[in-house]
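To start, the structure itself, in structure tokens.
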Amino acid sequence: LGGLSAATKDLIQARSEAVVTTYRQSGGYLDIVEFWEGYKMHHWLSWADWGSQVVLHGIVLLDDPEFDRLVRRIHAAIVWFMYPNDLTAVGYWDEFGVAYGAIYDWAVYAQRKPLSRRHLTYNLHVFLCQIAWQVQLRGHPAGDKELWVERMIKLAKFFVRGRGTREPE
């Protein structure tokens with residue numbers, strides 16, 4: 001978010017204040033401008049699914065039409081990968097190709113432009129190399145979301161909360 005102008009960040013935050021969610025939508029909306037570094041997987045899923053559509057509607061993110069187009073394409077790709085789709089449906093692999101292409105194009109763009117290294121992670125590389133193979137072997141990736149890992153870590157932290165590290169027993 002470092003490349004956004006102060007006026008754009010202010011507009012995003014003003015819209016964020018107006019967002020009211022139900023508990024089923026990840027327990028509430030976290031302002032993307034203020035809290036994005038602390039976003040967990042379920043926050044990013046909510047952001048991709050509905051938050052970005054509400055908060056970014058009509059906003060051009062940077063003075064780069066290609067960046068803006070790619071952000072919107074990658075939004076659609078994330079939603080497609082994170083929610084169940086039927087592998088046997090006609091057109092599944094065409095849809096897969098569109099979603100994969102959006103993420104691949106983002107990686108190529110990030111490599112060409114002087115973007116933060118956070119945009120080119122090892123996870124992105126592994127995803128692009130492995131996702132087609134994974135889908136063929138295990139099915140659509142929505143079933144492999146690791147949100148349960150976050151919940152278990154949160155539970156473990158709940159039980160050890162407030163303990164000092166000097167005497168962990």
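Since the structure is predicted, the reported quantities are computational estimates derived from the model, not experimental observations.
- In the hydrophobic clustering of this structure, L87 groups with V79; members are Ile, Leu, Val, Met, Phe, Trp, Tyr whose side-chain heavy atoms approach within less than 4.5 Å, directly or through other members.
- In this view, E66 and R112 satisfy the salt bridge (charged side-chain N to carboxylate O under 4.0 Å, His left out) rule, not counting sequence neighbours.
- Counting all heavy atoms, side chain and backbone alike, L128 lies closest to A107 at CD1-CB, 3.8 Å.
- A distance of 13.5 Å separates CZ of R73 from OH of Y109, quoted to the nearest 0.5 Å.
- Summarising the geometry of D105 relative to L70, their closest heavy-atom pair is CB-CD2, 3.7 Å, with the distance given to 0.1 Å.
- Within a 6.0 Å radius of CZ in F127, other residues, nucleotides and ligands contribute more than 12 heavy atoms.
- A search for salt bridge (charged side-chain N to carboxylate O under 4.0 Å, His left out) contacts involving D10 returns nothing, not counting sequence neighbours.
- The heavy-atom pair separating A99 from F81 by the smallest distance is CB-CE1, 3.6 Å.
- The closest donor-acceptor contact from the side chain of H140 to the backbone of W80 lies under 3.5 Å.
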side-chain contact (heavy atoms from CB on, under 4.5 Å) assessment of N85 paired with F96: CA-CA 10 Å; N85 285 285; F96 173 88; over 6 Å; no

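- Both Y92 and I131 sit in one connected hydrophobic cluster of ILVMFWY residues. Membership requires side-chain heavy atoms under 4.5 Å apart, directly or through other members.
- Linking ILVMFWY residues whenever their side-chain heavy atoms come closer than 4.5 Å, directly or via other members, leaves V98 and I103 in distinct clusters.
- In plain terms, the two heavy atoms of Q134 and P141 that are nearest each other are NE2-CB, 3.9 Å.
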